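This report concerns only the one structure given below.
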Amino acid sequence: MDSITQIVLGIAVAHVGLNRKTNWKKTVLLGALVGTIPDLDIFIAKFFSDPLTEVEFHRSISHSVLFFVFLSGIIGYLIKTWFKETSFKQLYITIFLILLTHSLLDIFTTWGTQLLWPFPKKFALKSVFVVDVFYTVPLLILVILGLKKQSKRITYVGLLISSLYLIWGLIAQNIIKNIAKADFENQSTEIILNTTAKPTFSNSILWNVIMETSNGFYLSDRSLLENHKMNFQYFPRNEELIQHISDQNIERLKAISENQYCITQNEKGLVFNDLRFGLLKNEPNDIQFAFSYQLIPTKNGLKVVEMPKDKRDGKKLLQNIWNRIF
């Protein structure tokens with residue numbers, strides 16, 4: 001999730017976890033700082049100067065339970081003198097829970113979280129967008145009230161409501177998947193290998209859908225408030241365009257995209273498109289996905305460069321989402 005949401009969640013966990021005698025300023029500071037720590041990996045990843053390594057490093061070791069076990073002890077030891085009213089055990093558990101809930105929340109997003117690092121498996125339920133005000137705002141309001149009134153009960157209510165919203169996201173996702181499967185089967189005889197449904201920006205009403213078949217992918221979207229049949233746009237995988245290329249970066253891209261990709265061509269050569277995050281723009285002669293990578297041949301193998309995003313396309317996409325929902 002976004003940094004603001006993780007800070008709010010961190011403060012909420014700190015409030016319910018620390019001793020009641022703890023000053024609210026120390027509670028806010030601890031929750032905000034510790035809740036931010038796992039996402040500092042994006043700054044560390046910048047030193048690699050490689051878009052693939054940056055993607056692979058994000059939400060890996062810094063989001064793992066093993067890392068949290070040791071980090072909680074280190075942080076607890078360093079700050080114990082400022083939390084004299086709290087035992088080291090209680091401080092350790094609180095810090096650990098702040099870190100753990102950070103990763104557990106990230107699991108609900110599309111990106112994937114390597115919770116059990118060093119095992120390579122990334123967990124991604126894909127049921128909540130990385131920025132969702134319907135999750136964050138109610139929690140923020142109740143955390144502020146809880147701190148102001150010195151009531152852990154109010155903060156617990158905030159955590160309960162936000163958790164119920166996550167459950168609702170899973171329910172809505174399943175509804176959309178069932179609708180998509182039924183509509184696709186009524187329009188095509190192709191066998192569905194996999195169905196993915198992901199919410200669009202900051203809501204759980206409008207969803208993007210990816211239907212995987214043997215040769216490619218059918219993309220569409222559907223609002224829970226709509227009744228019309230879904231229209232699917234086909235994107236062939238075009239595997240033949242890269243079959244002759246033996247390069248480790250191709251395999252890395254496939255792993256990163258969870259094999260949800262298609263290969264296209266532009267004036268510069270081949271483009272690897274990660275389908276998981278949807279289309280950024282979808283014009284007849286101008287199609288770009290949110291994450292597309294130019295494949296540039298060099299003497300040392302393929303160089304991978306992430307294609308730039310136009311802010312105007314992002315604004316247009318948000319406007320379309322707004323119109324579809326409301």
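It should be emphasised that the depicted structure is a prediction, and the values quoted were computed from it without experimental measurement. Only this structure's heavy atoms are used, side chains among them; waters, hydrogens and symmetry mates stay out.
Ring-plane geometry between Tyr234 and Tyr218 is classed as tilted, the angle between the planes lying from 30 to 60 degrees on a 0 to 90 degree scale. Ring pair Tyr92/Phe88 is tilted by interplanar angle, where 30° to 60° counts as tilted.
Heavy atoms only, all atoms of each residue included: Trp207 and Ala172 are closest at CZ2-CB, 3.7 Å. Here the closest heavy-atom approach between residue Lys25 and residue Asn23 is recorded as N-OD1, 2.7 Å. Taking all atoms of both residues into account, the shortest heavy-atom contact from Ala124 to Gly112 is CB-CA, 3.6 Å. For Ser220 against Asn231, the heavy-atom pair with the smallest separation is OG-O, 2.7 Å. Here the shortest heavy-atom pairing between Val209 and Ala180 reads CG1-CB, 3.7 Å. Across every non-hydrogen atom of Thr36 and Ala32, the tightest pair is OG1-O, 2.6 Å.
With sequence neighbours excluded, the residues forming a salt bridge (charged side-chain N to carboxylate O under 4.0 Å, His left out) with Asp50 are Arg252, listed by chain and number. With sequence neighbours left out, Asn194 forms a side chain to side chain contact (heavy atoms under 4.5 Å, CB included) with Thr196, Glu212, Gln260.
Considering Arg222, Met211, His228 as possible partners of Asp183, the one that fulfils the side chain to side chain contact (heavy atoms under 4.5 Å, CB included) test is Arg222. Each of Phe272, Phe235, Phe277 was checked for a side chain to side chain contact (heavy atoms under 4.5 Å, CB included) with Phe289, and the lone residue meeting it is Phe235.
Using a distance-only test at 3.5 Å, with no hydrogens or angles considered, no donor-acceptor pair links the side chain of Asn208 to the main chain of Gly278. The backbone N or O of Gly17 sits less than 3.5 Å from a side-chain atom of Gln90, completing a donor-acceptor pair. No donor-acceptor pair under 3.5 Å is formed between the side chain of Gln6 and the backbone N or O of Gly35. No donor-acceptor pair closer than 3.5 Å links the side chain of Lys254 to the backbone N or O of Ser257. Under a 3.5 Å cut-off, the side chain of Ser72 and the backbone N or O of Val69 do not form any donor-acceptor pair.
The distance from the CD atom of Glu56 to the CD atom of Glu54 is 10.5 Å, given to the nearest 0.5 Å. Between the CG atom in Leu224 and the CD1 atom in Ile176 there is a gap of 4.0 Å [rounded to 0.5 Å]. Between atom NZ of residue Lys177 and atom CD1 of residue Ile192 there is a gap of 11.5 Å, rounded to the nearest 0.5 Å. To the nearest 0.5 Å, atoms CD1 (Ile296) and CG (Leu270) are separated by 11.0 Å. Rounding to the nearest 0.5 angstrom, the gap separating the NE2 atom in His102 from the CD1 atom in Ile107 is 11.0 Å. With values rounded to the nearest 0.5 angstrom, Phe184 atom CZ is found 6.5 Å from Phe232 atom CZ.
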Q: Test side chain to side chain donor-acceptor pair (under 3.5 Å) on Asn266 and Gln294 and set out the steps.
A: CA-CA 9 Å; Asn266 60 16; Gln294 190 76 53; 2.8 Å; yes

(Q) Please evaluate residues Ile256 and Arg276 with respect to the criterion side chain to side chain contact (heavy atoms under 4.5 Å, CB included), reporting the C-alpha separation (whole Å), side-chain torsions for both, the decisive distance (0.1 Å), and the verdict. (A) CA-CA 10 Å; Ile256 288 171; Arg276 294 175 302 159; 3.9 Å; yes

Q: List the steps and the verdict of side chain to side chain contact (heavy atoms under 4.5 Å, CB included) for Leu30 and Leu18.
A: CA-CA 10 Å; Leu30 178 69; Leu18 292 173; 3.9 Å; yes

Q: Step by step, work out the side chain to side chain contact (heavy atoms under 4.5 Å, CB included) result for Ile263 and Asn273.
A: CA-CA 6 Å; Ile263 308 300; Asn273 302 286; 5.9 Å; no

Q | Evaluation steps, side chain to side chain contact (heavy atoms under 4.5 Å, CB included), between Leu116 and Lys121 | A | CA-CA 7 Å; Leu116 300 180; Lys121 170 68 176 179; over 6 Å; no

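Taking the side chain as every heavy atom from C-beta outward, Gln288 and Val271 never approach each other to under 4.5 Å. Side-chain contact between Leu9 and Leu159: present, with at least one pair of heavy atoms (C-beta onward) separated by less than 4.5 Å. When side chains are defined from C-beta on, Phe129 does not count as touching Thr200, because their heavy atoms never get closer than 4.5 Å. Between Asp39 and Asp106 the shortest side-chain heavy-atom distance falls below 4.5 Å. Annotation: side chain of Lys268 is not in contact with side chain of Val305 (no heavy-atom distance under 4.5 Å). Inter-residue side-chain proximity for Leu40 and Ser62 is flagged as unmet; no heavy-atom pair is nearer than 4.5 Å. Contact annotation: the side chain of Phe96 approaches that of Val65 to within less than 4.5 Å [non-hydrogen atoms, C-beta and beyond]. By the 4.5 Å heavy-atom criterion applied to side chains, Ser127 and Leu170 are counted as neighbours.
At most 12 heavy atoms of other shown residues, nucleotides or ligands fall within 6.0 angstrom of atom NZ in Lys303. By the neighbour-count criterion of 12 heavy atoms within 6.0 Å, atom CD of Gln150 is sparsely surrounded, having that number or fewer from other residues, nucleotides or ligands. Enclosure of atom CD1 in Ile4 is not indicated, since only 12 or fewer non-hydrogen atoms of other residues, nucleotides or ligands lie within 6.0 angstrom. Taking a 6.0 Å sphere around CH2 of Trp111, one finds it holds more than 12 heavy atoms contributed by other residues, nucleotides or ligands. Within a 6.0 Å radius of CG in Leu193, more than 12 heavy atoms belonging to other residues, nucleotides or ligands are found.
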Identify all side-chain donor-acceptor contacts of residues 133-148 below 3.5 Å with residues at least two apart in sequence or on another chain.
unit_1	atom_1	unit_2	atom_2	d
Thr136	OG1	Thr5	OG1	2.5
Thr136	OG1	Asp132	O	3.2

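If you chain together hydrophobic residues whose side chains sit under 4.5 Å apart, Leu66 and Phe119 fall into the same group. Tracing side-chain contacts under 4.5 Å through hydrophobic residues (I, L, V, M, F, W, Y), one never reaches Phe47 starting from Val304; they form parts of separate clusters. Placement of Phe68 and Ile79 within a single hydrophobic cluster is found when ILVMFWY residues are connected by side-chain heavy-atom separations under 4.5 Å, directly or transitively.
For the residue pair His63 / Thr113, no side-chain donor-acceptor distance below 3.5 Å is found, with atom types taken as modelled.
Judged by the 6.0 Å distance and 45° axis criteria, Arg237 is positioned over the aromatic ring of Tyr261.
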